[in-house]
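Below: one structure, written as structure tokens.
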Amino acid sequence: MKRVAATVVLVSALAACGQPAAGPPLSPSAPPTTAAPTPKATSTPRPVAPNLPAAGGIGVPSGFAAYVYSRGLGTVTAIASGPDGRLYAVNSAGTLLVVPSPGSSPQVLASGLPVALGLAWRDNNLFVSVRGSVRA
């Protein structure tokens, strides 16, 4: 008898889960809602490939490409694009680097940082997150 009661409760609960939730009754004076028209898809032109060498050995989905932006950065732990359009990076050796333009060699801005973990820009200030502190 207990099994039958438990089964009835379980079946009732499962049946209730599959039913739509009851909403407020519709008012006869409420105006009907209409969906906004769906905008037509437009083809977006692909950006011109940068004048950089292709990165070999990197698999990317169809329609994407990988390029070598700069060499000689070491093992990069964080990157950020600055307000000046340059790429900033920190590496595992604790060196803060800047790449002045795509394809150029990095320049050292600071070194000796302990385990650099992240970079963030706020206005024109660069913050470097290192183990135990944040430095500006």
Side-chain angles (χ1 to χ4, degrees):
M1 186 65 158
K2 288 183 183 179
R3 250 187 204 181
V4 172
T7 304
V8 170
V9 170
L10 180 61
V11 169
S12 299
L14 290 175
C17 289
Q19 299 299 318
L26 295 176
S27 167
S29 62
T33 59
T34 58
T38 305
K40 292 183 180 179
T42 58
S43 62
T44 304
R46 289 188 175 185
V48 178
N51 188 18
L52 296 171
I58 297 177
V60 295
S62 176
F64 290 85
Y67 298 94
V68 177
Y69 193 85
S70 183
R71 295 187 187 277
L73 293 166
T75 304
V76 175
T77 57
I79 61 172
S81 180
D84 56 2
R86 300 187 300 174
L87 180 73
Y88 292 80
V90 288
N91 63 26
S92 60
T95 305
L96 174 62
L97 304 151
V98 61
V99 180
S101 62
S104 65
S105 297
Q107 300 170 354
V108 175
L109 294 180
S111 59
L113 298 169
V115 190
L117 303 170
L119 294 174
W121 283 94
R122 181 167 181 169
D123 299 324
N124 288 323
N125 299 311
L126 175 63
F127 293 88
V128 182
S129 168
V130 296
R131 183 183 296 176
S133 67
V134 174
R135 300 182 183 189

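Numbers here are sequence positions counted from 1.
Put simply, W121 and V98 are part of the same group of oily side chains (I, L, V, M, F, W, Y) that touch within less than 4.5 Å, one to the next. A continuous path of hydrophobic side-chain contacts links V99 to V76 [ILVMFWY only; heavy atoms under 4.5 Å]. Residues I79 and L52 share a hydrophobic cluster, clusters being chains of Ile/Leu/Val/Met/Phe/Trp/Tyr side chains in contact below 4.5 Å. Under the 4.5 Å side-chain heavy-atom criterion for ILVMFWY residues, no single connected hydrophobic cluster contains both V60 and Y67.
Sorted by first then second residue, the salt bridge (charged side-chain N to carboxylate O under 4.0 Å, His left out) pairs that include residues 86-105, not counting sequence neighbours, are D84-R86.
Under a 3.5 Å cut-off, the side chain of T77 and the backbone N or O of S92 do not form any donor-acceptor pair. N91 contributes a side-chain N or O that, together with a main-chain N or O of L73, makes up a donor-acceptor pair within less than 3.5 Å.
Among all heavy-atom pairs drawn from S104 and S70, the shortest one is O-OG, 2.8 Å. Looking at every heavy atom in both residues, S105 comes nearest to P100 through O-CD, 3.6 Å. Looking at every heavy atom in both residues, A78 comes nearest to G118 through CB-CA, 3.5 Å.
To the nearest 0.5 Å, atom CG of residue L119 and atom CZ of residue F127 are 12.0 Å apart. Between the CG atom of L87 and the OH atom of Y69 there is a distance of 5.5 Å, given to the nearest 0.5 Å.
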inquiry  = With side-chain contact (heavy atoms from CB on, under 4.5 Å) as the criterion, how do L96 and L109 come out once you've worked through the C-alpha distance, each side chain's angles and the decisive distance to 0.1 Å?
reply    = CA-CA 5 Å; L96 174 62; L109 294 180; 4.1 Å; yes
Worked verdict on V128 versus L113 for side-chain contact (heavy atoms from CB on, under 4.5 Å) = CA-CA 9 Å; V128 182; L113 298 169; 4.1 Å; yes
